[in-house]
Amino acid sequence: MNGLSLSKQASKQARVDYIDLFRAFGIILMIMGHITFGGVFNKFIHAFHMPMFFFISGWFYKRKEDILIGEIILRKAKTLLLPYLCFGAIVWLLCLMIIPEYRQLSTLYYFLFENTYAIPVAILNNLVSPIPGALWFLTAIFLTEVIYVMLDRWLGCNWKLHISVVLLVIVGMLIAKILPFRLPWAMDAAFVGVGFFHIARVSRGTKAEKLLNLKLWQALVLGAVISASIMALPRINMRTGLYGWYISFWVNALGAIVAGWNLTRYTEKLLNHGIVLERICEWLKGIGKNSIVYLCLNQITILAVMIVIEKNGFHGFVSKILNLILTMAILFGFEKLICNTKLKILIGK
């Protein structure tokens, strides 16, 4: 019995580990997108890299009848809204100091309310400012989880919940297209996120979970087909409410998530051979486990690094590679500083 129990625990740990690796790859793709590696690259990652985070959150969802909804909301606020406000305020103040164009009251409004707007800055090759930037995801996932908990508690996991989720998704996608403004705190994106969250939740422990255990050749073929489809169809961007052709958006996003999930499983097995590869694997898993630090600080770090790089005469693709390397190194330092000291209170720990 003990052996069986330990076996189950080991299996569960392995699953969590490669999901951390999957999350890490999503974070790195996000950072590369913010460095602006190119229109084609951005088109590819925007089709799935934010949906995958909603999906991962839904995968770990567990219904907890013994905990009051109000207590759940407070917990989520501590781990998601507190980092949003803390890091957002820090980055906003830094931007006031280093970006003259940023010194206007509207930037504070965008940070606190309509955080899905990017604020153009006429410096550094039209790089957009770090506020609201990636922080929109924290309010979106907060609303997604709170909405889902309430629906699940009130309706139960049955046809009523399924229909409610579909209606929320439709409303979220239409709002971004029809209304001349966006809802506060990325609420319309959160409605769409509820769909990915729900699909992950209801897939776990069912026959659909077999899709997350494909053979390597199947995952490669699926990845190639979905990649071709993404590049052939209109651009997607959840932050800006751009969903292209609605059905293909869902097919491509879910297909890419399934392919990426499976390929990450095989990647973890590959990285568990040799000391060097194991160290790389542990570093990547650390990014996945502490992804909130990378999400909150990546854009201000990218901006600072780019200023230094361009002042030293580096431009084009070489500057982007240098920026990626230096940004990842600096963010690794921030991760250790924040997660291993009392500063971890900033991320709700």
Side-chain angles (χ1 to χ4, degrees), residues 17-38 40-42 44-46 48-50 52-53 56 83-84 86-88 90-91 94-95 98 124-125 127-138 239 260 263-264 267-268 270-272 274-341 343-344 346-347 349:
D17 281 350
Y18 79 70
I19 293 176
D20 281 333
L21 197 62
F22 187 39
R23 189 185 289 112
F25 289 141
I27 288 292
I28 293 172
L29 289 177
M30 177 197 70
I31 291 172
M32 293 175 70
H34 291 158
I35 295 175
T36 62
F37 265 75
V40 173
F41 178 80
N42 288 347
F44 175 71
I45 65 170
H46 284 163
F48 67 89
H49 82 306
M50 297 318 297
M52 69 175 276
F53 290 117
I56 292 171
Y84 176 82
C86 290
F87 286 104
I90 291 170
V91 174
L94 286 173
C95 286
I98 65 177
L124 301 177
N125 298 324
L127 183 73
V128 297
S129 66
I131 295 291
L135 291 174
W136 72 270
F137 178 76
L138 294 180
R239 179 182 64 77
L263 292 174
T264 300
T267 300
E268 191 207 19
L270 178 65
L271 291 176
N272 281 327
I275 296 177
V276 175
L277 291 179
E278 286 178 356
R279 292 287 178 85
I280 293 174
C281 190
E282 288 304 312
W283 166 64
L284 289 171
K285 289 175 183 177
I287 295 174
K289 292 174 183 176
N290 301 304
S291 57
I292 195 166
V293 175
Y294 290 81
L295 183 143
C296 291
L297 292 175
N298 79 93
Q299 284 174 289
I300 191 64
T301 303
I302 289 169
L303 179 60
V305 170
M306 186 171 288
I307 291 173
V308 173
I309 288 175
E310 295 204 344
K311 282 188 176 180
N312 283 276
F314 293 99
H315 299 280
F317 186 74
V318 172
S319 73
K320 297 180 191 299
I321 294 296
L322 284 174
N323 200 330
L324 177 62
I325 294 171
L326 293 174
T327 293
M328 294 305 301
I330 293 170
L331 290 175
F332 178 74
F334 279 132
E335 176 200 337
K336 296 303 178 184
L337 175 64
I338 293 170
C339 296
N340 297 326
T341 68
L343 288 175
K344 60 187 177 183
L346 296 176
I347 55 175
K349 293 185 178 180

Kindly compute the distance separating [atom1] ([X]) from [atom2] ([Y]), expressed to the nearest 0.5 Å.
X	Y	atom1	atom2	answer
C296	L331	SG	CG	10.5 Å
I280	N272	CD1	CG	12.0 Å
I90	L297	CD1	CG	7.5 Å
L21	K289	CG	NZ	10.5 Å
I309	L322	CD1	CG	5.0 Å
T301	M328	OG1	CE	10.5 Å

### Query
Can you tell which of I325, I300, T327 makes a side chain to side chain contact (heavy atoms under 4.5 Å, CB included) with V305?
T327
Closest non-hydrogen atom pair between [X] and [Y], with its separation:
X	Y	result
G88	L135	CA-CD1, 3.6 Å
L284	A24	O-CB, 3.0 Å
Y294	M30	O-CE, 4.2 Å
R23	G288	CD-O, 3.0 Å
I35	K320	O-NZ, 3.7 Å
M52	F22	CE-O, 3.2 Å

Does the side chain of [Y] come within less than 4.5 Å of [X]'s, by heavy atoms?
X	Y	result
N298	H34	yes
I31	I28	no
L337	V293	no
K311	I307	yes
L94	L303	no
N323	I302	yes
N290	F334	no
S319	M306	no

### Task
Could you please spell out the steps behind the side chain to side chain contact (heavy atoms under 4.5 Å, CB included) verdict for L295 and F53?
CA-CA 12 Å; L295 183 143; F53 290 117; over 6 Å; no
### Task
Inspect the surroundings of CZ in F25 and state if more than 12 heavy atoms from other residues, nucleotides or ligands are less than 6.0 Å away.
yes
### Query
Do the ring planes of F37 and F41 sit parallel (below 30°), tilted (30 to 60°) or perpendicular (above 60°)?
tilted
